[in-house]
Amino acid sequence: MRSETTTELFRYWNTIRGKRDLPRRDELEPGDIRALLPNLFILEHDRNGISFRLAGTHVCALFGLELRGRQFGMLWLNAQAAKTQRVAGQVMTHRVPVMLSAKGRTADGREVEVEMLLLPLASTEGASDRILGALSPLSRPYWLHATSVEGLDVTGMKILDPDRTAVFREEPPVEYVSARTESGTGKGLLGESRRVRHLRILEGGRRA
């Protein structure tokens with residue numbers, strides 16, 4: 001992770017879930033993550049798919065519009081809408097945290113790199129039915145929040161729970177992720193990392 005926002009949110013999510021797969025949404029305390037709130041959002045299932053239930057001021061400002069009630073897929077360029085909707089659905093269904101890397105593109109061709117973190121949340125009954133997310137620009141160009149980003153172009157995906165990697169490998173390869181077989185290890189912010197097919201796995205995302 002390159003963003004302090006995504007790093008801090010992932011740490012907070014891990015803390016409140018303890019030894020469970022995911023925390024309940026009523027366990028979230030906004031005051032504990034007050035500084036992160038402008039860059040956070042919540043997704044939910046509705047009759048049209050996966051939509052924004054809430055979105056922070058910086059997230060809305062990035063796109064120049066209010067995101068509440070809008071489809072998650074509308075953020076993504078070209079044919080990526082359906083694919084990213086599917087990834088968000090898998091985060092809920094399989095209770096697995098995911099981080100997407102992307103480039104935000106403006107109508108006049110400007111770009112800014114961003115990280116998006118998607119963390120599953122449970123209802124009070126235990127059903128995984130929402131996502132706590134963060135969207136963080138990795139730089140602050142002078143035009144940011146003055147010129148709206150037209151859409152996001154995915155450049156990579158990281159699964160933050162190695163025990164759940166198989167549920168993504170069973171899906172058809174997605175076009176925006178480099179599909180190459182590679183082995184090897186490296187040391188990352190969250191500990192040991194390794195590559196499995198087209199995915200970069202960060203060890204330590206799940207605690208027994």
Side-chain angles (χ1 to χ4, degrees), residues 1-46 50-72 75 84 87-102 104 112-140 144-145 149 152 156-162 164 188-191 193 202-207:
M1 294 181 186
R2 297 166 61 190
S3 164
E4 183 177 344
T5 297
T6 52
T7 301
E8 289 301 316
L9 186 64
F10 186 58
R11 186 175 295 146
Y12 175 72
W13 180 84
N14 261 323
T15 298
I16 62 175
R17 74 171 176 143
K19 296 182 179 180
R20 299 166 295 169
D21 286 340
L22 71 172
R24 298 192 318 271
R25 60 177 182 260
D26 63 353
E27 294 176 309
L28 297 178
E29 292 292 345
D32 294 340
I33 49 174
R34 184 178 296 107
L36 308 181
L37 295 179
N39 290 309
L40 304 188
F41 59 85
I42 291 180
L43 301 177
E44 65 177 355
H45 273 296
D46 61 21
I50 298 175
S51 301
F52 284 91
R53 182 176 179 86
L54 296 170
T57 54
H58 289 180
V59 180
C60 293
L62 186 66
F63 297 95
L65 48 81
E66 172 58 54
L67 292 175
R68 182 170 182 165
R70 296 178 183 266
Q71 291 290 294
F72 177 62
L75 300 188
T84 50
V87 168
Q90 289 174 319
V91 169
M92 293 186 196
T93 301
H94 300 295
R95 304 180 175 217
V96 56
V98 166
M99 190 178 72
L100 298 173
S101 302
V112 61
E113 287 188 275
V114 301
E115 281 185 348
M116 178 178 286
L117 182 62
L118 302 174
L119 302 168
L121 290 177
S123 67
T124 54
E125 293 77 24
S128 178
D129 61 354
R130 289 191 187 165
I131 289 174
L132 173 63
L135 179 59
S136 306
L138 297 180
S139 63
R140 299 286 174 180
L144 191 67
H145 297 154
V149 166
L152 301 177
M157 180 175 73
K158 295 179 182 178
I159 301 172
L160 305 181
D161 187 340
R164 304 297 178 86
L189 177 65
L190 299 178
S193 66
L202 300 183
E203 305 288 3
R206 185 181 184 187
R207 295 179 294 180

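Small disclaimer: the values here were computed from a predicted structure and weren't measured. Every heavy atom of this structure was used, including side-chain atoms; hydrogens, water molecules and symmetry mates were not.
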How close do Ser139 and Leu144 get, heavy atom to heavy atom, and via which atoms?
O-CD2, 3.9 Å
If you round to the nearest 0.5 Å, how far is OG1 of Thr57 from CG of Asn39?
7.5 Å
How about CD on Glu4, more than 12 heavy atoms from neighbouring residues, nucleotides or ligands closer than 6.0 Å, or not?
no
Look only at the side chain of Trp13 and the backbone of Pro120, and say whether a donor-acceptor pair between them is shorter than 3.5 Å.
yes
Spacing of His45 atom NE2 and Ile50 atom CD1 [to the nearest 0.5 Å]
4.5 Å
Looking at residues at least two apart in the chain, or sitting in another chain, which of them share a salt bridge (Lys or Arg N to Asp or Glu O under 4.0 Å) with Glu44?
Arg53, Arg130
Side chains of Val96 and Asp21 in contact at under 4.5 Å (non-hydrogen atoms)
no
Measure the CG-NE2 distance between Leu22 and His94 for me, rounded to the nearest 0.5 Å.
13.5 Å
Distance in Å, Leu37 CG paired with Asp32 CG, rounded so as to fall on 0.5 Å steps
10.0 Å
Measuring from atom CG of Leu117 to atom CD1 of Ile131, what distance do you get when rounded to the nearest 0.5 angstrom?
10.0 Å
Exam field: side chain Glu115 to backbone Met1, donor-acceptor pair closer than 3.5 Å:
no
Does CZ in Arg140 sit with more than 12 non-hydrogen atoms of other residues, nucleotides or ligands closer than 6.0 Å?
yes
Quick check: do Met157 and Val98 have side-chain heavy atoms less than 4.5 Å from each other?
yes
Min side-chain heavy-atom separation Leu28-Leu121 under 4.5 Å:
yes
With rounding to the nearest 0.5 angstrom, report the OG1 to CG distance, Thr6 to Leu138.
7.5 Å
Evaluate side chain to side chain contact (heavy atoms under 4.5 Å, CB included) for Leu75 paired with Arg70, printing each intermediate quantity in order.
CA-CA 9 Å; Leu75 300 188; Arg70 296 178 183 266; over 6 Å; no
To check you understand the geometry: which heavy-atom pair defines the closest contact between Arg25 and Asp129, and what is its length?
NH1-OD1, 2.8 Å
Less than 4.5 Å apart, side chain to side chain, heavy atoms only: is that true for Leu43 and Phe52?
yes
Using modelled atom types and a 3.5 Å cut-off, is there a donor and acceptor pairing between side-chain atoms of Glu66 and backbone atoms of Arg68?
yes
Over all atoms of both residues, closest heavy-atom pair of Ala127 and Arg95
CA-NH2, 4.1 Å
Between Leu135 and Thr5, does the side chain to side chain contact (heavy atoms under 4.5 Å, CB included) criterion hold? Intermediate values first, please.
CA-CA 8 Å; Leu135 179 59; Thr5 297; over 6 Å; no
For the pair Met116 and Leu152, evaluate side chain to side chain contact (heavy atoms under 4.5 Å, CB included) and give the outcome as yes or no after the intermediate values.
CA-CA 10 Å; Met116 178 178 286; Leu152 301 177; 4.1 Å; yes
Fit a plane to each ring of His58 and His145, take the angle between them on a 0 to 90° scale, and name the class: parallel (under 30°), tilted (30 to 60°) or perpendicular (over 60°).
tilted
Given 3.5 Å as the limit, does a donor-acceptor pair link the side chain of Arg20 with the main chain of Pro23, or not?
no
Taking every non-hydrogen atom, the tightest pair across Val112 and Pro137:
CG2-CB, 4.2 Å
Determine whether Gln71 and Asp46 make a side-chain contact, defined as any pair of heavy atoms from C-beta on separated by less than 4.5 Å.
yes
